[in-house]
Amino acid sequence: MRKLVVVNNPKDWDLDVEDVEVVDAQRYLTDPAYTELKSARIFNLCRSYKYQSSGYYVSLLAEARGHRAIPNVTTIQDLKSQTIVRAITDEINETIQKSLSKLKSKNFTLSIYFGQNVAKQYEKLSKQLHDLFQAPLLRAQFVYNKEWVLESINPIPVNEVPEHHLRDLYRFAKAYFARNRFSSQRTNKKIYDLAILVNHADSDPPSNDRAIQNFMEAAEGLGFYTELITKEDYRRLSEFDALFIRETTSVNHHTYRFARRAHAEGLVVIDDPVSILRCTNKVYLAELLTKAKVNIPKSMIIHRDNCCKVVGELGLPCVLKKPDSSFSQGVVKVKTEEELAEQLKEMLAESDLIIGQEFRPTEFDWRIGVLDKQPLYACKYFMAKDHWQIYNWEGKKKDITGTFETVPFEEVPFFVLHTALKAANLIGDGLYGVDLKEIDGKAYVIEVNDNPNIDHGVEDKILKKDLYHTILKSIKRRIDNQKKFENP
């Protein structure tokens, strides 16, 4: 992949970096050689990204040509909106306050060059802002009013970098380009680059270490360059062609930001951000499945005005679920009206809406894995010892989860498979795990997971390594189709 630094005037960039070409904007926009270039990384250092300026068109046409631009048009638009800036940077408020706590003035300007600042004490803040707004050169303006607030963040025209900062700018640039891996040798050997997002500190990840190794081997066998990344690698997403999330997902979490950023960058993403939004909210799922006439346990959306109707609608005991609950956490069974009142008060203090469901105990739950709108695997997950759920987080370590049984499709009741596919296909065509209860010859959907477990020794018990190959083939097919669209 060729690396191009695009500037309005080549004199703006007086730095020779190995494997980096300097091109003036007019030439990049008009020379057919760049129009026909199949694979390139564009570092847009134009003096302005204003709408319809040459800098704006460099990033816009880069995307149209299938090139990867920093900044891309999404970032350029985000930088223009103070509302978006405030919303996106809210998550790093703690870093902002800590980094600026010793300042005596009411205003502060932070210059960020390729994710770094000339002062060591602002290194973490500079990196996090660059991760959120991926532009090579940024200027952040902060004001103090009871606490420090990011008032604005804007690109710095390369010709406006102070002369006494140029030495540091060039040092940061060399380090930045050295970290980014766009080796032509690797590109020739590997057809695509795949990032697998993991969390090594997660005590119960969606894939165990052996499964992750199997995914990597399957990917390598299909011609991928594969790399495990963590939340610290947010800034590097644009280096890849696809992102495969193997970390427990949530909307108010870095996993969603990774999915959103990767999708905006044009990567193939599993789990895609839309699936995360739809699957991780129980209120949305209950409404969606009910409207589509998919069987679910008798349910009601509970709010402050209908709390008094819960017992009459669902009876006791009943189950209460926080909208973003997962792995049985945020899900409680209440047996008495006193317990009900206590739990409702606690849950409704955090969310305006929660889900209530009738209690329908079963010996096990079905889990049907679905990919590309087709069944992938089937498992029975049995309840944890002396508990009503698959997970018992308060039990002894050996009793936290129940046993399992991986089942061939011919042994799965037709109505279970049919219901699972109908539910999953309402979400999309990604990788899902549908949990169902089998009661009196009917299947009832409990939830649809956007990030289902794929563990060595469990879900792969029947397909073995073919399970991993099937998932990776799907990712490759999606990239192939995307490339055909970009380069017809």
Side-chain angles (χ1 to χ4, degrees), residues 1-8 10 12-23 25 28 39-47 49 55 58-59 62 67-72 74-76 78-79 92 95 99 110-140 153-187 193 195 225 227 229-241 258 261-262 264-265 267:
M1 181 177 285
R2 288 171 63 180
K3 294 181 285 187
L4 308 179
V5 168
V6 180
V7 291
N8 290 105
D12 289 343
W13 189 250
D14 187 22
L15 179 66
D16 184 20
V17 180
E18 185 179 0
D19 294 329
V20 176
E21 306 171 45
V22 180
V23 181
Y28 177 75
S39 181
R41 157 66 60 211
I42 309 301
F43 299 93
N44 185 351
L45 292 181
C46 288
R47 296 177 181 179
Y49 303 135
V58 165
S59 289
H67 301 167
R68 298 285 175 82
I70 294 180
N72 61 24
T74 300
T75 298
I76 290 173
D78 286 351
L79 289 167
I92 64 167
T95 302
S99 300
L110 181 70
S111 298
I112 305 167
Y113 307 134
F114 294 96
Q116 299 192 61
N117 180 263
V118 296
K120 189 74 173 176
Q121 65 263 37
Y122 304 122
E123 181 177 358
K124 183 176 181 180
L125 178 58
S126 298
K127 180 181 181 300
Q128 289 189 354
L129 284 170
H130 179 264
D131 286 349
L132 295 172
F133 303 98
Q134 292 193 6
L137 311 177
L138 292 165
R139 181 179 291 128
I153 184 166
N154 296 294
I156 303 175
V158 64
N159 62 318
E160 291 184 15
V161 175
E163 190 171 345
H164 63 282
H165 281 183
L166 288 177
R167 185 174 179 179
D168 289 306
L169 168 65
Y170 293 153
R171 178 166 58 88
F172 297 152
K174 284 186 175 181
Y176 176 83
F177 287 120
R179 279 196 303 270
N180 283 275
R181 36 157 213 87
F182 296 104
S183 135
S184 57
Q185 182 180 8
R186 176 176 292 153
T187 302
D193 296 325
Y225 165 78
E227 185 174 340
I229 65 170
T230 69
K231 66 178 182 180
E232 305 301 325
D233 295 302
Y234 184 81
R235 67 194 298 178
R236 298 182 51 224
L237 275 176
S238 57
E239 299 175 21
F240 299 91
D241 297 294
F258 266 71
R261 168 69 70 173
E265 292 277 0
L267 279 68

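A quick note: this is a predicted structure, and the numbers were derived from the prediction, not measured.
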For Leu169 and Leu137, run side-chain contact (heavy atoms from CB on, under 4.5 Å): C-alpha distance rounded to whole Å, both residues' side-chain angles, the deciding distance at 0.1 Å, then the answer. CA-CA 9 Å; Leu169 168 65; Leu137 311 177; 3.5 Å; yes
Check: Thr75/Asn72 side-chain N/O donor and acceptor closer than 3.5 Å: yes
I'd like to know if the side chain of Asp12 and the backbone of Val7 have a donor-acceptor N/O pair within less than 3.5 Å. no
Within residues 112-130 or reaching into it, pairs that qualify as salt bridge (charged side-chain N to carboxylate O under 4.0 Å, His left out) - sequence neighbours excluded: Lys120-Glu123, Lys127-Asp131
With Leu4, which of Val23, Val22, Val20, Val58 fulfils side chain to side chain contact (heavy atoms under 4.5 Å, CB included)? Val23
Polar contact flag, side-chain donor to acceptor under 3.5 angstrom, His130-Tyr176: no
Just by distance, do the side chain of Arg41 and the backbone of Arg68 share a donor-acceptor pair under 3.5 Å? yes
CG of Asn159 to CZ of Arg47, rounded to nearest 0.5 Å, is 4.0 Å
Under the side chain to side chain donor-acceptor pair (under 3.5 Å) test, which residues partner Asn117, sequence neighbours left out? none
Between Leu132 and Asp78, does a side-chain contact (heavy atoms from CB on, under 4.5 Å) hold up when you go through it step by step? CA-CA 10 Å; Leu132 295 172; Asp78 286 351; over 6 Å; no
side-chain contact (heavy atoms from CB on, under 4.5 Å) between Asp19 and Phe177, worked out: CA-CA 9 Å; Asp19 294 329; Phe177 287 120; over 6 Å; no
Side chain to side chain donor-acceptor pair (under 3.5 Å) partners for Ser59, two or more places apart: Asn44
Donor-acceptor pair, distance only, cut-off 3.5 Å: does the side chain of Asp193 make one with the backbone of Asp241? no
Sequence neighbours excluded, which residues qualify as salt bridge (Lys or Arg N to Asp or Glu O under 4.0 Å) partners of Asp233? Arg236
For His67 and Tyr28, take the angle between the two ring planes, folded into 0 to 90°, and tell me which bin it lands in: parallel under 30, tilted 30 to 60, perpendicular over 60. tilted
Are there over 12 heavy-atom neighbours, none belonging to Glu18, within less than 6.0 Å of that residue's CD? no
Restricting to side chain to side chain donor-acceptor pair (under 3.5 Å), what partner residues turn up for Thr95, sequence neighbours left out? Gln128
Side chain to side chain donor-acceptor pair (under 3.5 Å) partners for Arg139, two or more places apart: none
